[in-house]
Amino acid sequence: MKNLVISNNDNLWSKEYTNILVGDWCFLGYEKKSSFNKLKYEIFDSHWSNPDKLNKDIKYLQSNIWDEAIDFLSSELNNYHGVSLPKKYWENLVKGWLVIFVPIVFDRYETLRLIKFHNKNLNLKAKIFEFDDNKFIPNETFEFSTDISLRNDWTHWINSKLVKYLDIDFELVSKLDDNNNLYSSNPRNNIININTKIRTSSLKYQKRSLYKKIFEKIGLFKIFKRKLAIIDCHISKFDKIILFLMFGQIPERYAPDFFEYSKKKDLNFRKKYCDLNIKEKNFFNFLKQNLLLAIPKSFLEDYKDLVKHQKDSDWPKKPNIILSSIGGHYNDIFNIYAAEKRLLGSKLIYAQHGGVYGVSKFNFGEFLENKADRFLTWGWKKEEKHFPLFFLGKDVKKVKKNTNATGIIMSATNFFNIPYQPRAAPNDSTETRMYVNNINNFLAHLDKKLYSKFDVNYADFNRVPNLRDEIKFKEVKFQNLTESVVKRSVNYKLVIETINSTGFLENLYYNVPFIALFDKRYCPLDEEAKKYYKNLENSKIIFYNPIDAAKHVNEIYDDVYSWWNSADLQKGRKIFCEKYARKPNNFLKSWKKAFEF
């Protein structure tokens, strides 16, 4: 007999039998409790710690499962809303949610399936809480992606459904508080009510600006056709003004589009397939049972109101081009707008908004942006839809060091503990511990005289393990992430990047002296990118060993520029930037070509 622990809660453990934890995140907070250290337990290693399986699974999810899910949802949503819109329309709407939901749920499915398989000769049993399904219905993609999907109780809910689906034996545990929340003796896991993050109405934002009212009154918007819509786009204000003028259009800024969601939840329709008798227990059939139950209200109960809301907004009515960077990821109002306008012939263009694109072995963000009519990159090209433009920095034109610049600034993030969508960054508590250990090892071998000059620009999401708590060197100071490292770098001699992301490319583009401390386990590269990264490794910009990185910093700190300005390093930097963060040769000509279809 073995006891299966499917989330982080002490009521799920057995004092009698060996406990199988679905991940080491189930043990977070209990490490120092002597009562738990006496219990027998095994931690199931992530099935995605095998890179070959990870690559195979991602291809499977992005092809077979994605197409089946879009077919299914298109049919169901057309029937529910009494319309006959094409699959491309519904894909445009749901892609931001689906690209998060599918890989997360697949990870839970595979974990429990493999645990059952490896323990098929044993009596395996789980303890589960029975939640009200209402609790986990999101209003919108943003709420699901940034809140619900990261929660312990949601993971327990989806895992409990998988336990039943996979015919794993279970018993109900009724340790829920009055609000139907998980109770735990571990304070950090007492789950409070979900913060719905509803975008409440605001007269400040719903009212059109005065100049727009005047332009509408005298008909200027009819004279100056609004052929270009720029929404949720990470380009500079200057670039936006130039692009509007290039289209013969008055530069404008669209107010944030707020919408107050209803309290409607159509559980009869949502549970349409929940009790479906399924003989073949595969992943898609589990999805089929639960997609409608879990889908955001923005695509179901509140969809028609959202369509009306975006039609009443001050966004351009008949744009030729819709330009965005992150709208497709989280903004359901934008996705409805883009889907409606694409039906009328508008072209949707996404512009690269950060690092990792074009270099990572896998990237769900890149997969999502390939659903547009064109994807503007910072220099690279993999597919026909890709248009190599240039680096699109946001409101930073040049980085000029202060004459008294001193010390070191490190960019660091408090990454995930509960497994999330696979990405080129620490994705669960195991990889986050690797990340924290790499930074600690680096600091342990850094010259101690540099500790007092060492600051960390930290994106803290209050997750454990937390770098603030783990750092043993109290001289190191933490700053809240209020602006990018590249902006703050003017006051420091050297920058340390710890993840293969936007900051890494910004430092290269702006020629800011820095080193990168990476780990191949959570910074995997595609084959083409490896040779470019190898050149930077040879120039001692990139390190995969924290001790070697610290020794290098100790050697160069007193004369950083002798190393940074060396001919070989600068040559390698320019070659890399030409591929992945190129400078514009002809700004206007490049943009005009990017908009040609």
Side-chain angles (χ1 to χ4, degrees), residues 1-28 39-48 57 101-137 148-176 180-184 189 191 270-271 273-294 418-420 428:
M1 173 75 176
K2 287 191 176 183
N3 180 61
L4 178 60
V5 179
I6 63 171
S7 67
N8 187 305
N9 190 282
D10 50 2
N11 296 297
L12 305 177
W13 288 62
S14 170
K15 296 180 180 179
E16 182 180 359
Y17 302 109
T18 298
N19 296 281
I20 301 179
L21 281 58
V22 296
D24 67 352
W25 58 274
C26 294
F27 197 53
L28 289 174
L39 299 179
K40 294 179 287 186
Y41 67 91
E42 303 168 2
I43 297 175
F44 187 77
D45 290 335
S46 171
H47 58 101
W48 279 337
D57 287 348
F101 183 80
V102 167
I104 289 178
V105 175
F106 181 78
D107 170 60
R108 284 23 170 204
Y109 170 85
E110 276 291 271
T111 297
L112 291 174
R113 183 187 69 81
L114 290 169
I115 288 175
K116 180 182 178 182
F117 175 79
H118 291 303
N119 293 275
K120 58 186 175 184
N121 296 323
L122 297 171
N123 186 7
L124 184 66
K125 191 172 185 178
K127 297 178 181 180
I128 66 174
F129 301 100
E130 200 79 304
F131 281 102
D132 182 350
D133 293 330
N134 266 314
K135 183 179 178 71
F136 303 106
I137 297 174
I148 294 176
S149 63
L150 302 172
R151 300 178 69 94
N152 184 40
D153 54 354
W154 181 84
T155 291
H156 185 97
W157 176 71
I158 206 72
N159 278 346
S160 68
K161 291 185 175 297
L162 281 163
V163 163
K164 297 173 184 177
Y165 179 78
L166 294 170
D167 297 319
I168 296 172
D169 194 15
F170 67 91
E171 64 173 291
L172 293 178
V173 183
S174 56
K175 282 282 186 178
L176 297 173
N180 195 32
N181 296 309
L182 246 66
Y183 172 80
S184 170
N189 294 320
I191 306 301
R270 285 180 173 276
K271 293 188 175 184
Y273 293 97
C274 285
D275 298 322
L276 188 67
N277 186 19
I278 295 174
K279 294 181 181 179
E280 186 180 356
K281 297 294 180 77
N282 58 36
F283 174 63
F284 180 72
N285 281 336
F286 178 76
L287 266 190
K288 188 175 180 180
Q289 279 189 333
N290 293 281
L291 276 172
L292 296 180
L293 179 61
I418 298 175
Y420 195 61
D428 57 25

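Because only heavy atoms are used, hydrogens play no part in the values below, and waters and symmetry mates are left out as well, while side chains stay in.
Among residues two or more places apart in sequence or in another chain, the side-chain hydrogen bond (donor to acceptor under 3.5 Å, both in side chains) test is passed with Asp24 by Ser429, Thr430. Remark: Arg113 pairs with Tyr109, Glu110, Leu166 by the side chain to side chain contact (heavy atoms under 4.5 Å, CB included) rule, at least two apart or across chains. With sequence neighbours excluded, no residue forms a side chain to side chain contact (heavy atoms under 4.5 Å, CB included) with Asp45. Under the side-chain hydrogen bond (donor to acceptor under 3.5 Å, both in side chains) criterion, Lys125 pairs with no residue, sequence neighbours left out. With sequence neighbours excluded, the residues satisfying side-chain hydrogen bond (donor to acceptor under 3.5 Å, both in side chains) with His47 are Lys53, Asp107.
Sorted by first and then second residue, the pairs that involve residues 156-166 and meet salt bridge (Lys or Arg N to Asp or Glu O under 4.0 Å), not counting sequence neighbours, are Glu130-Lys164, Asp133-Lys161. Pairs of residues two or more places apart, or lying in two chains, that qualify as salt bridge (Lys or Arg N to Asp or Glu O under 4.0 Å) and include a residue from residues 274-294 are Asp167-Lys281. The side chain to side chain donor-acceptor pair (under 3.5 Å) contacts involving residues 12-23 comprise Asn3-Asn19, where partners must be two or more places apart or lie in separate chains.
A centroid separation of less than 6.0 Å is found between the aromatic rings of Phe136 and Trp157.
Atom CG of Asn152 sits about 8.5 Å away from atom NE2 of His156, to the nearest 0.5 Å.
A donor-acceptor contact shorter than 3.5 Å links the side chain of Asn282 to the backbone of Asn285. No donor-acceptor pair under 3.5 Å is formed between the side chain of Asn119 and the backbone N or O of Leu124.
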